[in-house]
Each structure stands twice: as structure tokens, then as C-alpha cells.
Amino acid sequence: MSENVIGYMDDQGKIIDTQSAGENCNAAPIEYDNSEEALEIIRHSTAHLMAQAIKELYPDAQFFVGPVVDEGFYYDFRVSEKIGEEDLKKIEKKMKELIKKKYKIEKYEISKSEALEKFAHDDLKQAVLKNIPDEKVSIYRQGDFEDLCRGPHVPALRFLNNFKLTRVAGAYLGGDENAEMLTRIYGVAFATKEALKAYITMLEEAKKRDHRKIGTEMELFMFNEESGAGLPFWMPQGAKLRYKLEQILHRAHLTRGYEPVRGPEILKADMWRTSGHYACYGENMYLTEIDEQEYGIKPMNCIGHIQIFKQTQKSYRDLPLRYYEYGVVHRHEKSGVLHGLLRVREFTQDDAHIFCTPEQIASEVLDVVSFVDSVMKLFGFEYTMEIATKPEKAIGDDAVWEMATRGLKEALEGNNLPYTIDEGGGAFYGPKIDIKITDAIGRKWQCGTIQVDFNLPERFDVEYVAEDNSRKRPVMLHRAILGSFERFIGILTEHYAGEFPFFLAPTQVIFVPISDSHVDYAFALKKKLRMEGIDAEVYDKNDSLNKRIRTAEKKRVPYVVIVGDEEVANNTVAIRNRRTRQQYNLTQDEFMVELTKQLTEGTI
RNA sequence: GCCCAUAUGGCUCAGGGGUAGAGCACUUCCUUGGUAAGGAAGAGGUCGUGAGUUCAAGUCUCACUAUGGGCUCCA
């Protein structure tokens with residue numbers, strides 16, 4: 001057996017550790033490196049090493065489970081002492097001490113009943129054992145530390161040199177909200193020091209891109225303790241950015257045959273009773289009383305659109321009818337889930353409801369999917385689609401759910417669009433396709449969504465007149481492309497690290513006049529750009545030229561334009577293009593052409 | 001909502017039982033400079049809020065609020 005082999009992979013892709021493999025293993029060896037298989041073994045063993053260290057530092061610790069996850073590993077355990085971020089260093093230090101003892105990691109098997117007896121005084125291990133169907137269970141031992149575990153593990157602690165404990169968290173026992181909360185410590189481990197270092201660098205990069213940090217720096221948005229949690233304020237720079245995004249999307253909706261509408265912010269509670277929101281979503285709604293009548297602030301925009309549809313009699317000739325609204329909604333999210341712009345209590349959805357016949361569902365869904373695709377392409381986002389099926393808390397017949405879910409699957413399959421299934425993840429009124437995009441730190445966020453709804457048309461008795469003059473029930477599709485402006489702008493900010501493309505940038509051009517005599521020229525140019533709908537500023541503060549160029553650059557404005565004697569004399573501009581990091585000179589006319597071209601790049 | 005942590009001028013942060021510091025930003029003045037920090041002066045905080053301990057509290061304790069990392073839940 002080679003010194004560097006830490007396990008084997010069998011034909012089925014199952015990892016077998018050296019402890020289980022025996023002397024003459026024919027399976028493919030797994031070398032000690034940063035491959036996916038090797039990291040799985042290394043991380044699992046590092047989790048055990050961490051547990052051993054915790055046990056030495058906190059002798060009363062009891063351990064639950066310590067699996068490998070995408071980003072590393074964690075271990076859940078119970079201790080009487082409080083453990084904070086400060087304590088991670090202490091635990092890391094103890095782990096390193098343990099490595100120096102050169103323990104081998106040994107495995108032995110006992111029967112389940114023996115195990116139940118062995119861990120008789122450990123209710124967490126009893127809980128783990130209860131979930132294991134096998135009659136035999138394995139125990140891994142390193143030094144005097146033993147843990148119930150199915151493996152795989154590295155042969156000895158000497159393979160565990162490059163790790164870092166990243167955070168302490170609380171986690172519910174078994175993921176159950178009503179269960180006890182255990183302490184969880186997350187960590188990462190790699191085969192090489194370089195890989196660990198690269199990972200730490202990546203985390204730091206991600207931190208620099210954090211939209212909350214950039215949002216403060218660029219003065220895009222703010223929160224205010226006195227006003228309440230999860231309620232964002234848009235500062236001028238952020239509002240300009242948001243307005244541009246709204247305009248781009250507004251044009252895109254019009255060209256795709258959507259009609260703008262707008263419903264009220266609060267509606268009588270009876271409306272929400274009819275819709276089912278009161279029963280199914282009530283705990284997330286803000287309710288209020290006006291003139292002894294109960295009202296609910298809207299958490300969704302569907303009801304308003306339905307009322308507008310019903311206002312006039314509709315014909316089959318009107319379908320599909322697509323209503324869209326930048327709908328402001330309020331949802332009482334739990335305080336602990338709020339997160340910058342990505343999870344707030346008031347947000348604006350780019351919401352639309354398409355009223356159509358069942359036969360039109362497939363083509364409408366496809367239209368939306370293609371709309372989504374062009375928006376994602378505009379910003380260069382990777383995304384995945386997921387079909388979410390009937391949840392526990394739901395309204396409507398199973399047969400109807402079945403039909404709607406099949407409709408979504410057929411629309412995607414018929415066009416070879418890949419998707420995954422989220423079992424039980426649907427809205428209470430219908431199944432949906434969720435569009436998830438990946439942010440700079442690799443987190444996935446649900447943004448766009450397409451939902452089929454047979455229930456609300458029924459509940460609100462929505463009808464149209466069919467060809468044969470009979471009354472028929474339309475289907476409703478709920479859909480959003482961005483999801484919400486708040487979340488999408490948060491993700492965009494991290495995606496671009498604040499260096500928004502020209503057509504979105506809050507300030508697009510900043511003029512830096514070299515001295516007082518060039519200020520008029522700069523203001524004349526600014527006015528010219530403003531006439532073309534371009535946000536331009538003049539930076540004529542009493543600071544040195546270098547200082548002003550530096551400050552302008554740091555504002556992440558796409559074009560910093562210097563104007564001095566030469567430019568005034570020749571009607572030119574000296575450009576610093578922050579996106580391409582180039583410097584060049586253009587005539588005013590050439591400059592206008594370049595800017596106009598960049599503006600139109602935001603058309604979809 | 002739950003677990004842990006944090007909360008000092010606009011921003012980033014230092015201080016740590018005896019009545020607040022730095023850098024940037026801001027204001028005024030000098031400087032009018034050709035591509036990432038010219039110089040000088042000045043204003044601004046009672047240390048998230050409320051209780052408690054103490055002769056004395058940003059500094060210790062508790063509660064609340066907000067924020068951060070997770071869990072559970074979601075656009």
C-alpha cells in the first residue's frame with residue numbers, strides 16, 4: 001500500500017477507506033490530494049479530529065452528527081459551556097496538538113445492540129443509532145477518542161494538516177424547528193496548504209463584494225434601526241440604479257405584449273380569506289383594522305390583477321392576457337432570516353399574471369422562460385431551473401395539481417430545458433418553476449418564478465366567454481423574472497462588485513475639470529449628456545487634480561472624463577474608462593456615439 | 001422565531017470602572033494643479049435604547065432594539 005493512498009473507490013463510485021479495504025484491495029486507489037473523493041475523506045476525518053479536540057476541552061460534550069458538506073464539514077454537539085468565535089482558535093490549537101501524537105485511525109465493528117449499550121448514557125448517539133437500519137455498526141478510534149461512524153476516514157491523523165474552523169452556529173437537532181438546538185462548528189480542510197490559502201483568499205474576495213459593504217460605500221441603500229428591520233431605504237445613487245433597471249424591464253415587458261396595471265397596497269381581509277392567503281399565509285401577513293373592518297397589507301399582487309381582469313367582460317380573443325406590475329409587497333419574515341437586500345420585509349416584485357386557456361400554458365411558460373433567459377444573458381448570470389411540487393399546506397384538488405405540474409414538466413422537456421425537482425416546494429396554490437441564480441459567494445438565490453394556478457380563478461370565479469358563447473375558467477400563471485428589485489440588485493451588486501455596466505451605473509460619467517477655467521466646459525458637457533438621458537456629474541471640488549481623479553475612480557463611475565485647456569480648445573474629452581481600464585481621447589461627437597451605443601446595450 | 005457573536009462621530013476602527021481617540025469623509029482658507037491622496041485651520045460623538053451594580057459605567061450585569069454567522073423558513 002502506497003504511503004499516499006487514503007482510500008479506494010469501487011465500481012459503484014463508493015468510497016472505501018483503508019481501514020475497511022483490507023490488505024489486497026482491487027478497487028481504484030484514492031491518493032492524498034485535492035480531488036473531490038480525497039477531500040471527502042479528509043474532511044470527514046477532520047470533523048472527527050475536531051470532535052476529539054472539543055471532547056478534551058469540554059469533557060461534557062456529547063456529539064450528534066458530523067458530515068461533510070459542499071463547503072467543508074461540520075459537527076453538531078451539545079455542551080454546557082457557551083462556545084463563541086473566540087473559542088475556535090483554542091479548538092484549532094488542540095487539534096494541532098492531537099496531530100502531533102501521531103494517532104492512527106482504527107475501525108472496529110460491533111452489533112447494534114452492543115452499540116446501544118455502549119452509548120447508553122448518550123441520548124444523542126441513541127438518536128443517531130435509531131436512524132441506522134443495519135445490524136452492525138462501526139466505531140472509529142483515534143487515541144482514546146471513539147466515535148460511532150460509517151466512515152470513510154484517512155488512515156492516520158498525519159493526513160490532517162490544512163484545516164480551518166470557520167464559524168460557530170446553532171442548529172436544530174435533526175433540523176426540526178421544535179427540537180433542541182445544538183452547537184455546530186463549521187470548518188474546511190484541504191490536502192495542501194496552497195489550496196487552503198486559495199480558499200481563504202476566495203472568502204476574502206467574496207467579502208469585498210458583499211452588497212451590504214458596497215451598498216454603504218456607494219451610498220446605494222441603507223437600513224435604519226429606528227424604522228425597523230428589513231425595511232430598506234434607497235439613497236439617490238441606489239434609486240438611480242433601480243430606476244434604470246425598472247426602465248429596461250418596462251420596455252421589455254411592453255415588447256412582449258404585457259399590459260401595465262396597479263392594484264392597491266391593502267385590501268379587505270375577506271379578499272385574503274377568499275384567496276386562501278389568510279389561512280395559508282396569514283402568519284406572514286401584516287393585518288390592520290380600518291373603521292372596524294379588518295384589512296391585510298398585500299403579500300402578493302395576484303388579487304389586484306384578478307379584480308382588474310374581472311372588471312370588464314373578457315373574450316377568448318383577449319387571451320392570453322398579460323398584466324404586469326412592479327408590486328410592492330410586505331411579508332413578515334422571521335427576524336433571524338433578514339439579510340441585507342437579499343431577504344427583507346418590504347420589497348417590489350416584477351410581478352405578472354397571465355390569464356390563458358389550459359392549451360396556452362405550454363407556450364406561455366416557454367415565452368416566460370425565454371424572457372428569463374434574455375434577462376439573465378444581459379447580466380451574464382448562470383441559472384438553474386427547478387420544478388417545485390405540491391406542499392403539505394395547499395389548496396385545490398390533487399388532480400388539478402397533477403395536471404398543472406405535468407404542464408410545467410412538458411413545457412421544459414418539450415424544449416430540452418434541464419430542470420431538477422423540489423418535492424413539496426410549491427406555493428400553496430400551485431406548482432412552480434423556480435429560477436435560481438448563483439451569487440459571487442456561490443450561494444444560490446431564488447429570483448424568478450413561474451407558477452401555474454388553477455385555484456385562484458376558481459375561488460374568485462374568474463371567467464371568459466368562449467367561442468361557443470359558453471363561460472369558461474381561465475388558468476392563471478404567476479411569474480416574476482428578477483423576483484424582486486431588492487434581491488436582484490443585491491445579487492447584481494455582488495456579481496459586478498459594484499462596477500455596474502454603463503446602462504445601469506447610477507452615475508455614468510463624471511467630469512473632472514483641471515482648473516476653474518474648465519468648469520464651464522464641463523458643465524456644458526454635463527448638460528448635453530443629461531439631455532440624452534445619461535447621468536453625468538461635474539467634480540469641481542477644491543481638491544488637487546490627482547485627488548479628484550482618485551476619488552472619481554473610487555466611486556466606480558464607468559467614465560471619468562478629464563477636461564483641460566487642450567480639450568476646451570479642440571472640443572474633445574480625455575477619457576479614463578474604468579471598465580476597460582484604458583485611457584484615450586475622443587471628440588465630443590465620438591464620445592456621444594460611444595455613450596449612446598453603450599446605453600442601447602441595456603435593451604432586451 | 002431559535003443558538004452564538006457584535007453595537008464607540010457620516011464611514012472604517014482603537015480604547016476599556018474615574019467623565020472620549022485615530023484615519024477617511026465634512027466645513028473654511030491657501031493652492032489652479034494634466035491622470036489614484038498638495039497644505040493649513042475647524043466643526044462633529046456622552047460611546048444602540050432602558051434598567052441595575054458601584055462613591056464612580058462606553059467600560060460590569062440584565063432586558064430590549066438592530067446588525068452579523070448559522071438553523072428553520074422564503075422573492
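Everything numeric in this text was worked out from a predicted model, so none of it was measured. Only heavy atoms go into these numbers, but all of them, side chains included; no hydrogens, no water, no symmetry mates.
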* B/G21 to B/G16 separation - P atoms, rounded to the nearest Å -> 14 Å

* How far, in whole Å, is B/A41 from B/G68 if one measures between their P atoms? -> 40 Å

* Watson-Crick/G-U partner (both atom distances under 3.5 Å) of B/U72 -> none

* How do A/Pro513 and A/Glu219 order along RNA chain B: which one's closest nucleotide is nearer the 5' end? -> A/Glu219

* Asked: Contact class for A/Lys82 (heavy atom, under 4.0 Å): base, sugar-phosphate, or nothing?
  -> sugar-phosphate

* Asked: Quick one: is B/A25 close enough that its OP1 or OP2 comes under 4.0 Å of any side-chain N or O from A/Lys547?
  -> yes

* To do: With heavy atoms under 4.0 Å as the rule, sort A/Ala574 into base, sugar-phosphate or nothing.
  => base

* Identify whether a stacking contact exists between A/Phe347 and B/A75, where the ring centres must be under 5.5 Å apart and the planes under 30° apart. => yes

* To do: Whole angstrom is fine here: how far is it from NZ in A/Lys541 over to C1' in B/C29?
  => 14 Å

* To do: Quickly work out the A/Asp351 CG to B/A75 P distance and round it to whole Å.
  => 11 Å

* To do: Pick the C1' atom in B/U31 and in B/G15, then give their distance to the nearest Å.
  => 37 Å

* Examine B/A37: is either OP1 or OP2 under 4.0 Å from a nitrogen or oxygen in the side chain of A/Arg550? Give yes or no. => no

* **Residue matched to B/C26 through Watson-Crick or wobble contacts both under 3.5 angstrom** => B/G42

* Asked: Is the ring centre of A/His495 less than 6.0 Å from the ring centre of A/Phe379?
  -> no

* Asked: For the pair made of CD in A/Gln583 and C1' in B/U35, what is the distance, rounded to whole Å?
  -> 5 Å

* Asked: Hey, is the side chain of A/Gln446 poking within less than 4.0 Å of OP1 or OP2 on B/A75, counting only N and O atoms?
  -> yes

* Out of B/C74, B/U35, B/C71, which nucleotide sits closest to the side chain of A/Arg331? -> B/C74

* Complementary nucleotide of B/U53, counting Watson-Crick and G-U pairs under 3.5 Å -> none

* Taking only the side-chain heavy atoms of A/Met181 (C-beta and beyond), determine which of B/U31, B/C71, B/U72 contains the nearest atom. => B/C71

* Taking atom types as modelled, find out whether A/Arg242 and A/Thr348 have a side-chain donor-acceptor pair closer than 3.5 angstrom. => yes

* Using the C1' atom as the reference point in each nucleotide, state the distance between B/U12 and B/C55 in Å, no decimals. => 37 Å

* Asked: Do A/Tyr186 and A/Glu71 have side-chain atoms, one donor and one acceptor, less than 3.5 Å apart?
  -> no

* Report which part of the nucleic acid A/Asn224 touches: base, sugar-phosphate, or nothing (heavy-atom distance under 4.0 Å, all strands). => nothing

* **B/A36: pairing nucleotide in any strand, Watson-Crick or G-U under 3.5 angstrom** => none

* A/Val337 side chain: which of B/U32, B/C73, B/A75 is closest? -> B/C73

* Does A/Arg43 count as lying over the ring of A/Phe190, i.e. NZ or CZ under 6.0 Å from the six-ring centre, within 45 degrees of the axis? -> yes

* Contact class for A/Lys213 vs. all strands (heavy atom < 4.0 Å): base, sugar-phosphate, or nothing? -> nothing

* Given B/G69, B/C30, B/U27, which nucleotide is nearest the side-chain atoms of A/Arg212? -> B/G69

* Asked: For A/Arg322 and A/Tyr324, does a side-chain donor sit closer than 3.5 Å to a side-chain acceptor?
  -> no

* **Any donor-acceptor N/O pair under 3.5 Å between B/A36 base and A/Arg576 side chain** => yes

* Using the P atom in both, what is the distance from B/A22 to B/A43, to the nearest Å? -> 13 Å

* Asked: Taking the same atom, P, in B/U59 and in B/G52, what whole-Å distance lies between them?
  -> 14 Å

* To do: Take atom CG of A/Asp87 and atom P of B/U6, then tell me their distance rounded to the nearest Å.
  => 11 Å

* Structure fact -> Quick note, A/Glu225 side chain, CB onward, closest among B/C71, B/A66, B/A75 is B/A66

* **A/Asn178 (side chain) and B/U72 (base): donor-acceptor pair under 3.5 Å** => no

* To do: Give a yes/no verdict on a cation-pi contact between A/Lys390 and A/Phe428, requiring under 6.0 Å between NZ or CZ and the six-membered ring centre and an angle within 45° of the axis.
  => no

* To do: Tell me the partner of B/A20, counting only Watson-Crick (N1-N3 plus N6-O4 or O6-N4) or G-U wobble (N1-O2 and O6-N3) with both under 3.5 Å; none if nothing fits.
  => none

* Asked: In terms of side-chain heavy atoms, does A/Gln582 have a donor or acceptor partner in A/Asn577 at a distance below 3.5 Å?
  -> no

* For A/Arg167 and B/C4, is the shortest distance between a side-chain N/O and OP1 or OP2 below 4.0 Å? -> no

* To do: Both distances under 3.5 Å, Watson-Crick or G-U wobble: report the partner of B/G9, or none.
  => none

* Under 4.0 angstrom between A/Lys432 side-chain N/O and B/A75 OP1 or OP2 -> yes

* Asked: Below 3.5 Å, does any donor atom in the side chain of A/Arg343 face an acceptor in the base of B/C73, or the other way round?
  -> yes

* Asked: Can you tell which of B/G34, B/U72, B/A75 lies closest to the side chain of A/Ile514?
  -> B/G34

* Choosing from B/C74, B/G69, B/U31, which nucleotide comes nearest the side chain of A/Ala169? -> B/G69

* To do: Return the 5'-most residue of the pair A/Glu567, A/Gly228 with respect to RNA chain B, ranking by each residue's nearest nucleotide.
  => A/Glu567

* Given atom CD of A/Glu81 and atom P of B/A5, what is their separation to the nearest angstrom? -> 12 Å

* Atom CZ of A/Arg184 to atom P of B/U72: distance rounded to whole Å? -> 7 Å

* Asked: Between A/Thr572 and A/Gln588, is any side-chain donor less than 3.5 angstrom from a side-chain acceptor?
  -> no

* Asked: Quick one: is B/C74 close enough that its OP1 or OP2 comes under 4.0 Å of any side-chain N or O from A/Tyr281?
  -> no

* Asked: How is A/Asp176 classified with respect to the nucleic acid when contacts are heavy atoms under 4.0 Å: base, sugar-phosphate, or nothing?
  -> nothing

* Asked: Syn or anti for B/G58, taking syn as within 90° of 0?
  -> syn

* To do: Using the P atoms only, state how far B/A36 lies from B/A5, rounded to an integer number of Å.
  => 47 Å

* **Phosphate-side-chain proximity, A/Ser544 and B/G38, N/O vs OP1/OP2 below 4.0 Å** => yes

* To do: Please state the P separation for the pair B/G58 and B/U8 - nearest whole angstrom.
  => 15 Å

* Watson-Crick or G-U wobble partner for B/G48, using a 3.5 Å limit on both distances? -> B/C64

* To do: May I ask you to verify whether the side chain of A/Asn546 and the base of B/U35 hold a donor-acceptor pair under 3.5 Å?
  => no

* Rounded distance (Å) that lies between atom C1' of B/C11 and atom CG of A/Leu220 -> 14 Å

* For the pair made of CG in A/Leu338 and P in B/G70, what is the distance, rounded to whole Å? -> 15 Å

* Establish, with yes or no, whether the OP1 or OP2 oxygen of B/U67 is under 4.0 angstrom from a side-chain nitrogen or oxygen of A/His339. => no

* Asked: When you check the gap from the basic side-chain N to the acidic O, do A/Glu494 and A/Lys213 get nearer than 4.0 Å?
  -> no

* Asked: With respect to the phosphate group of B/A75, does any side-chain polar atom (N or O) of A/Arg479 fall under 4.0 Å of OP1 or OP2?
  -> no

* May I ask you to check if A/Arg256 and A/Phe371 form a cation-pi contact, with NZ or CZ under 6.0 angstrom from the six-membered ring centre and within 45° of the axis? => yes

* To do: Give the nucleotide from the list B/A75, B/U35, B/U27 with an atom nearest to the side chain of A/Val344.
  => B/A75

